[in-house]
Amino acid sequence: MKITITGDFCPMERIKTLISSLNSEEILSDFKDIFQKSDLTLTNLETSIINNYCKPAKKIGINIGNYPEILSFLKQNGFNLVTLANNHFMDYGNESAEYALHCLNEIGLEYIGAGRDTTEVQKVKIIEKIILE
């Protein structure tokens with residue numbers, strides 16, 4: 001089994017614009033092929049997923065939010081698992097967290113590190129893959 005793990009995925013500024021224009025080649029370059037050939041490719045989603053109604057939480061430091069198109073970008077480029085337990089997932093509060101889980105479930109992108117309740121958060125994630133060579 002080929003597993004690829006990346007660091008934080010937190011699109012800002014120019015990268016947000018490139019994702020909106022569907023320009024994955026400039027963003028991912030030679031890595032796209034690696035991601036798509038891996039059996040499991042995961043990244044830390046270091047951002048909140050927001051819509052036009054989400055309000056930034058009061059906190060020290062910046063609030064990072066991205067629209068759900070970044071999830072589609074990840075899925076289309078070979079990512080199949082994101083981690084959510086980080087310091088920016090709740091930057092826009094419970095509403096954005098619920099929205100993120102909804103969006104992830106809707107496009108079929110697996111996640112760990114967050115959930116709607118304690119039971120869901122603590123549930124073990126098992127990903128099975130049949131590999132035929």
Side-chain angles (χ1 to χ4, degrees):
M1 179 176 239
K2 294 178 185 174
I3 300 173
T4 302
I5 303 171
T6 71
D8 296 346
F9 182 73
C10 180
M12 299 178 86
E13 312 289 333
R14 185 172 80 74
I15 301 301
K16 275 187 179 183
T17 303
L18 290 172
I19 288 173
S20 294
S21 66
L22 304 175
N23 191 343
S24 63
E25 293 303 320
E26 188 171 344
I27 297 168
L28 300 176
S29 187
D30 298 333
F31 292 103
K32 184 175 182 175
D33 197 41
I34 294 169
F35 299 150
Q36 291 181 333
K37 287 182 178 176
S38 292
D39 298 303
L40 179 63
T41 302
L42 70 111
T43 192
N44 179 42
L45 188 66
E46 187 76 15
T47 182
S48 292
I49 300 300
I50 60 172
N51 57 32
N52 292 332
Y53 305 104
C54 295
K55 302 285 186 247
K58 291 182 182 178
K59 62 174 244 178
I60 296 174
I62 63 171
N63 296 74
I64 301 174
N66 279 279
Y67 291 101
E69 64 190 17
I70 70 164
L71 303 176
S72 297
F73 172 84
L74 289 171
K75 177 91 173 178
Q76 291 165 1
N77 287 288
F79 287 83
N80 40 25
L81 178 66
V82 295
T83 61
L84 304 175
N86 60 64
N87 60 313
H88 288 290
F89 181 66
M90 295 288 294
D91 278 2
Y92 284 76
N94 290 334
E95 184 178 340
S96 73
E98 288 276 340
Y99 183 61
L101 299 179
H102 166 77
C103 293
L104 287 162
N105 288 324
E106 192 170 82
I107 66 166
L109 186 55
E110 296 285 338
Y111 60 89
I112 55 174
R116 289 180 176 82
D117 56 37
T118 306
T119 303
E120 187 176 332
V121 171
Q122 294 175 345
K123 187 175 180 182
V124 173
K125 178 75 68 176
I126 298 172
I127 298 174
E128 294 183 24
K129 181 108 179 176
I130 297 173
I131 302 171
L132 302 174
E133 301 266 343

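Just so it is clear, the model here is predicted, and its values are computed rather than measured.
- Between the CG atom of Asp117 and the NZ atom of Lys123 there is a distance of 10.5 Å, given to the nearest 0.5 Å.
- Grouping the Ile, Leu, Val, Met, Phe, Trp and Tyr side chains by contacts below 4.5 angstrom, directly or via other members, places Ile3 with Leu81.
- Pairs of residues two or more places apart, or lying in two chains, never qualify as salt bridge (charged side-chain N to carboxylate O under 4.0 Å, His left out) while including a residue from residues 46-58.
- Evaluation of the salt bridge (charged side-chain N to carboxylate O under 4.0 Å, His left out) test over residues 8-23, restricted to residues two or more places apart or in two chains, returns Arg14-Glu26.
- Here the side chains of Leu45 and Leu74 are in contact, with some heavy-atom distance below 4.5 Å.
- In this structure, the side chain of Asn63 does not engage the main chain of Tyr92 through any donor-acceptor pair within 3.5 Å.
- Ring geometry for Phe35 against Phe79 counts as tilted: the plane angle lies between 30° and 60°, on a 0 to 90° scale.
- Using modelled atom types, one side-chain atom of Ser48 and one backbone atom of His88 make a donor-acceptor pair closer than 3.5 Å.
- Between Ile27 and Phe73 there is a side-chain heavy-atom pair separated by less than 4.5 Å.
- The main-chain N or O of Gly7 is never found under 3.5 Å from a side-chain atom of Asn44 such that the two would form a donor-acceptor pair.
- Ile64 and Ile19 are assigned to two separate hydrophobic clusters, defined by single-linkage of ILVMFWY side chains at heavy-atom distances under 4.5 Å.
- Taking Lys75 as the reference, nothing meets the salt bridge (Lys or Arg N to Asp or Glu O under 4.0 Å) condition, with sequence neighbours excluded.
- The distance from atom CD1 of Ile5 to atom OG of Ser38, rounded to the nearest 0.5 Å, is 10.0 Å.
- Shown here for Tyr99 and Ile49, the closest heavy-atom pair between the two residues is CD2-O, 3.7 Å.
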Residues 102-112 side chain polar contacts: donor-acceptor under 3.5 Å, at least two apart:
residue	atom	partner	partner atom	Å
His102	NE2	Glu106	OE2	3.3
Asn105	ND2	Leu101	O	3.0
Glu110	OE1	Lys125	NZ	2.8
Tyr111	OH	Glu120	OE2	2.9

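- Under a 4.5 Å side-chain heavy-atom cut-off, the cluster of Ile, Leu, Val, Met, Phe, Trp and Tyr residues that includes Val121 has no other member.
- Here the side chain of Asn94 pairs no donor or acceptor atom with the backbone of Ala97 at under 3.5 angstrom.
- Residue pairs that meet the salt bridge (charged side-chain N to carboxylate O under 4.0 Å, His left out) test with at least one member in residues 84-103, sequence neighbours left out, are Lys59-Asp91, Glu98-Arg116.
- Hydrophobic clustering of Ile, Leu, Val, Met, Phe, Trp and Tyr side chains at less than 4.5 Å, counting indirect connections, unites Phe9 with Leu84.
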Subject >> Trace of the side-chain contact (heavy atoms from CB on, under 4.5 Å) decision for Asn52 with Tyr67 >> reply: CA-CA 9 Å; Asn52 292 332; Tyr67 291 101; 3.1 Å; yes
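- Tracing side-chain contacts under 4.5 Å through hydrophobic residues (I, L, V, M, F, W, Y), one reaches Leu42 starting from Met1; they form part of the same cluster.
- The shortest non-hydrogen separation linking Thr47 to Asn86 is N-OD1, 4.4 Å.
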